[in-house]
Amino acid sequence: MSEDPNKSQDSSGEFDWFDKPKSRRFLWKLLIGACVLFAVLEIPLFIAHKRHSHFNPEENPTFDGWLFFYALLGFIGCSLMILAAKGLGKWLKRPADHYGSNEDEPLPDDVDESLR
Amino acid sequence: MNLFADIHFPPALTLLFGALLVPLFRGHWRNVYVIALPVIAFFQIAGLPSVAEGNPAVVRATLDLFPWLTDQSLSFLRIDKLAKAFGYIFTINAIAAFIFAFYLKKSTQHIAALVYIGGALGAVFAGDLVSLYVFWELMAVASTFVILARQTDRAKGAAFRYILIHILGGLFFLAGMVMVVADTGSIAFDGFDFENQNAGTWLILLGFLVNAAAPPFSAWLSDAYPEASVTGGLILSAYTTKTAVYTLLRGYEGWDPLIWIGCVMSVYGIIYALLENDMRRILAYSIINQVGFMVCAAGIGGAIAINGATAHAFCHIIYKSLLWMSAGAVLYRVGKSKCTELGGLYKTMPWTLIFGTIGALAISAVPLTSGFTSKTIILYAAEQRGLFWPWLILEAASAGVFLHAGIKFPYFVFFNKDRGLRPKEAPMSMLGAMAILAFFCIYLGINPQPLYDILPGNHGDFHAWKFAKIVTQMQMLMLSALVFFIFLPMLKRTDTISLDTDWLYRKGGRLLFDFADRSLNSINTASRRIFIDGLAGWTGRFFIAAPSRFLGWVLAPIWAATGADKEEIESRKARINERSRRGAFPIGITAILAVILLGVLYALSLVK
């Protein structure tokens, strides 16, 4: 990043808050804090029996009534999808020019004039 | 307000005829004119007579175009709440898209887009299968020109593959329609009964599913849309798949297989979007994911699910266009669309980032955005019918949406790594269009009632806003975000594409060609060798040489009897052969030969 000539020129007054390690640490804390906050908020709901399964226990599983079900669903569901994508990627990924390369094609005229 | 109340002019025709006049306008007047057309169409739709909720009666404006051909009248304007809801969002989105496209100087893309959108409006207001089919095909052709408008080789290739698949889908539809009309004697397009399913209704369903981008007929979408131009992509993203959703809601409500097709689509879209490197291709796959929710709702059936799907289509068109606009603005300013080449744009394109993020939050159904107030209805409908597993898949899929569209798209485009790109902020027209759609995303998230009021059915006392629902939704989304950043090293973008079913006709087509080339052409070569070079030459030689040989063979004993010696006979034979080869017999000999031949033939006929 630092060897980029453009950056060193105009990085003086520029807004680069998201690039700072300090901000990134702060955002991590914010994210974990939000996870904890919404998990904790469910506990009074659960105790007051306002949270319950939406399904009839005689016909269906009723996991969705469990405490932290949605947190688990988000965590496990997303992890599985990422792992599945990663696994399938080994099999499905191809170089970008798999169907023939068009690298030397000029930029189409629907982009900003200054780029052409 | 009800300027057009008494005329009942189909709103589709406003855009279709309006498209013809586009070349008459020049410069910015043309851009103003194309924005005005969907505005007029919107007020036309608003001015159509309203149909009371739950009242099955529909107003039909019919047209006896071909009375000699059929005793059925074509209906270009079936007015009910379902059609009107789609009509509203189609025109609202068109207005925003043309405002976004204010920078465009050429008219070709405007004309193609207007015909395409007009076709979509015609399809949702079509009251019978025949007029639906006409508008359906009109959309396919016009959208191909929207893709071609980018004029790159890649766009040309993609448009070619796109139209082939849509011709296939249209033929499914046509074949099914012919069977259904032959079977029932009616061209009416109302709900098909799952109990009375037959090959005709299944073929029509297959035609609809091609346009809904259901796997395995899904690759056309992620192949073609990302090759369209900056505005072309966002116009395409709204109409083809949502028209298909409309036809499924109208014709295939409660068809159980659609529940599972929808679930497959919603997960398929996520997995591929996670693998994708091109930002517009990520958005293309997330269309398939979102349409999966609506297809599933069509399969669930009932007033709640139909409302949910309609509301979700409405909100989806808005936030998906918003996302395509922010991606389009980046492409316009940077000229790149790969995640591996983008990053750090928040520094110079903050408004594009903010509007894009609003779209990203809405697609992820974050509370306070439109996705939350619409997607929740579909999930509620699944709960009501006790469909636990489809419900679970859709919930997991809505967590996955946050992964790929909600975080991945903004993160890799606007944050991630600073690649030294310092583009200018998007032009004002683009920002204005994004602001309009971003406003709708938030307004419908806070106050969904105006949207609920235009939905076709009565969904009872449903309220998206429940404290428990908000807490659990936020729990799920925050944990999904956590997973994204934990797995970030695994999500590192590579400059790759992923094989999809278009492999079958991109590589598979070439393999078929090679196979045909090798197998059929080798038969050709062998045939040429045997028949043309071999048999034909031999036959030619035979017919030239055989008569003279025969003649020599017949005459030799005669010559011998008249006292010619061996040498003399051989030289005479050689002379006959030579004359025969050159075809230069003197008439006398030719006449003798002919007589001999006739005599031989006569003798043969006697023998027989």
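A note on names: the letters A, B, ... follow the listed sequences, proteins ahead of strands, and every chain is numbered from 1. Every heavy atom of this structure was used, including side-chain atoms; hydrogens, water molecules and symmetry mates were not.
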Could you tell me which portion of B:Asp502 (side chain, backbone, both or neither) has an atom closer than 4.5 angstrom to a non-hydrogen atom of chain A?
both
Could you look at B:Tyr380 and say if it's the side chain, the backbone, both or neither that has a heavy atom under 4.5 Å from chain A?
neither
Is the closest side-chain heavy-atom distance between A:Phe38 and B:Leu477 below 4.5 Å?
no
Honestly, the part of A:Trp28 sitting under 4.5 Å from a heavy atom of chain B is side chain
Approximate separation, where rounding is to 0.5 Å, of B:Leu274 CG and B:Phe484 CZ
8.5 Å
Of the listed B:Ile271, B:Val267, B:Leu392, B:Val483, the one with the largest count of heavy-atom pairs under 4.5 Å with chain A is B:Val483
CE-CD distance between B:Met478 and B:Gln473, expressed to the nearest 0.5 angstrom
10.0 Å
Give the member of A:Pro61, A:Pro95, A:Gly74 that has the highest number of heavy-atom pairs under 4.5 Å with chain B.
A:Pro61
Select one option (side chain, backbone, both, neither) describing which atoms of B:Ala329 are under 4.5 Å from chain A's heavy atoms.
neither
What's the spacing between B:Arg333 CZ and B:Arg422 CZ if we round to 0.5 Å?
15.5 Å
Heavy-atom distances under 4.5 Å only: say whether B:Trp503 touches chain A with side chain, backbone, both or neither.
both
Would you give the length of the straight line joining atom OH of B:Tyr285 to atom NE2 of B:His404, rounded to the nearest 0.5 angstrom?
11.5 Å
Between B:Leu403 and B:Ser480, which heavy-atom pair has the shortest distance, and what is it?
CD2-O, 3.6 Å
Please classify the contact of B:Leu482 with chain A as side chain, backbone, both or neither, using a heavy-atom distance under 4.5 Å.
both
For B:Phe485, is it the side chain, the backbone, both or neither that has a heavy atom under 4.5 Å from a heavy atom of chain A?
both
Taking B:Met476, B:Arg150, B:Lys469, B:Met474 one by one, which has the highest count of heavy-atom pairs under 4.5 Å against chain A?
B:Arg150
Apply the side-chain hydrogen bond (donor to acceptor under 3.5 Å, both in side chains) test between B:Glu227 and each candidate in B:Lys156, B:Arg281, B:Arg280; give the one that qualifies.
B:Arg281
Okay, B:Lys106 and chain A: the region with an atom under 4.5 Å from a heavy atom over there is side chain
Heavy-atom pairs under 4.5 Å with chain B are the metric here; pick the option from A:Ser79, A:Ala34, A:Gly89 that has the most.
A:Ser79
Within a reach of under 6.0 Å around CZ of A:Arg94, are more than 12 heavy atoms found that belong to other residues, nucleotides or ligands?
yes
Does any N or O in the side chain of B:Lys338 come within less than 3.5 Å of the main-chain N or O of B:Arg493, such that one atom is a donor and the other an acceptor?
no
So which part of A:Phe75 gets closer than 4.5 Å to some heavy atom of chain B, the side chain, the backbone, both or neither?
both
B:Ala158 and B:Asp223 have their tightest heavy-atom pair at CB-O, 3.9 Å
Side chain, backbone, both or neither of B:Phe402 within contact of chain A (heavy atoms, under 4.5 Å)
neither
Below 4.5 Å from any heavy atom of chain A, which atoms of B:Leu491 appear? Answer side chain, backbone, both or neither.
side chain
